[in-house]
Amino acid sequence: MPLSRTARALTACATLGLLAACGGAEETTSGSADAAAEYPTEEIRLLVPYGAGGPTDLAARAYGASLEEQLGQTVVVENLPGGSGALATQELIGADPDGHTLSLATAGTLVVTPLANEVGYTKDDVTPIGVMTEVPSVLAVGADSPYSTAEDFFTAAQEQPGTLNVGTPGASTPQAIELQRLADEYDVEVTAVPFNGNAEMTTALLGGNVDAVLINASSDVTSNIDAGQFRPLAVSSAEPLPWLPDTPTLAESGFPELTLSGSTFGLIGPGELPEEIVTELEEALRTASEDPAVVQQIGEEYVPEEFQGAEEFQELLDRTQEVYEPILGG
């Protein structure tokens, strides 16, 4: 059985004959446990790696209000956009691992961004706590597009390699990497065109500047679908979406491996966050995900039916790393 942190400290001290230091180690560990038991003792910063007012920011504020009520401390939402999520994550990993600084993050922020850029951290420098929302991606064209179905679009892409332009929310995002996998693994080549988020992508598609977009299917995008301005061709989820019932998955369209371009937004803390604090936050997150007020504000379709805690979020990060690291040359 693995030794506890206290036991390891005592063993090391005894081996060196530094009994006085052993007492100090035991006291320090006990102090950490006491601090975790009293958590939280001050306001909590909740970092959001996106600008204010967007769907992700609203989700953070909905969860933040529930966490505040449950934990009995003020939760201050702080927007730190920039660097494909790197700015907020760098701020997080520099904070004390005491649970008073937390952040939203995605697999793109924690896996793709570090693989594609020197950002000073990896996924192993943070502590996953649990999943907050899941937003699948949708491959969509404009209302006047000549492509009525996914089959039409992908057939044209095969016949004219590289001529179809597909907008993505950045060059080093899961959407962009999935389009690279489309070419590498299925020999269907399109040209990815990076933009800064949904608003720019929407303008480009409606203006006819790209042939399609692989875009997060957040409420602004579904509104355009409902209004008939976007025509959805395929979704990135592993299973069909009840709220886009006539839209096949990419897997159903012949690309079974392309299921990673959606965005799973999770809550994380700094590395070495004490297990007691992780457990308390995980349970608070579970309660928030079942709160009707939170679900209504975010949208029922974006809150997972089954809560996914720290272990499940870690598994998603590990799987994304396993798939993307060979592609990005990490």
Can you list, pair by pair, the side-chain donor-acceptor contacts under 3.5 Å of residues 304-314, counting residues two or more places apart and other chains?
from: Gln308; atom 1: NE2; to: Glu134; atom 2: OE2; distance (Å): 3.1
from: Glu312; atom 1: OE1; to: Gly309; atom 2: N; distance (Å): 2.9
from: Gln314; atom 1: NE2; to: Asp318; atom 2: OD1; distance (Å): 3.0

Does [X] have any side chain to side chain donor-acceptor pair (under 3.5 Å) partners at least two apart in sequence or in another chain, and if so, which?
X: Thr127; answer: none
X: Arg181; answer: Glu178, Glu185
X: Ser261; answer: none

- Query: Using a side-chain heavy atom cutoff under 4.5 Å and only I, L, V, M, F, W and Y, what cluster partners does Tyr147 have?
  - Reply: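 In the cluster with Tyr147 are Leu139, Val141, Phe153, Phe154, Leu164, Val166, Leu179, Leu182, Tyr186, Val188, Val190, Leu214, Leu233, Leu250, Phe255, Leu258.
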Please list, chain by chain and in numerical order, all residues satisfying salt bridge (Lys or Arg N to Asp or Glu O under 4.0 Å) with [X], sequence neighbours excluded.
X: Arg286; result: Glu283
X: Arg61; result: Asp57
X: Glu252; result: none

Exercise for the section: Would you mind listing every side chain to side chain donor-acceptor pair (under 3.5 Å) that reaches into residues 86-114, with sequence neighbours excluded? Expected result: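 Qualifying pairs, neighbours excluded: Arg45-Glu91, Asp98-His100, Thr106-Thr109.
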Tell me which donor-acceptor pairs under 3.5 Å the side chains of residues 201-211 have, and how far apart each pair is, sequence neighbours excluded?
from: Thr202; atom 1: OG1; to: Asn198; atom 2: O; distance (Å): 2.9
from: Thr203; atom 1: OG1; to: Ala199; atom 2: O; distance (Å): 3.1
from: Asp211; atom 1: OD2; to: Asn165; atom 2: N; distance (Å): 2.8

Verdict with supporting geometry, Ile177 and Ile327, side-chain contact (heavy atoms from CB on, under 4.5 Å)
CA-CA 8 Å; Ile177 307 305; Ile327 297 170; 4.2 Å; yes
Practice item. Hey, could you give me each pair passing salt bridge (Lys or Arg N to Asp or Glu O under 4.0 Å) that has a residue in residues 221-249? Not counting sequence neighbours. Key: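 Not a single pair qualifies under salt bridge (Lys or Arg N to Asp or Glu O under 4.0 Å).
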Which residues satisfy the ring-ring contact (aromatic ring centres under 6.0 Å, His included) test with Tyr121, sequence neighbours excluded?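 Here no residue qualifies.
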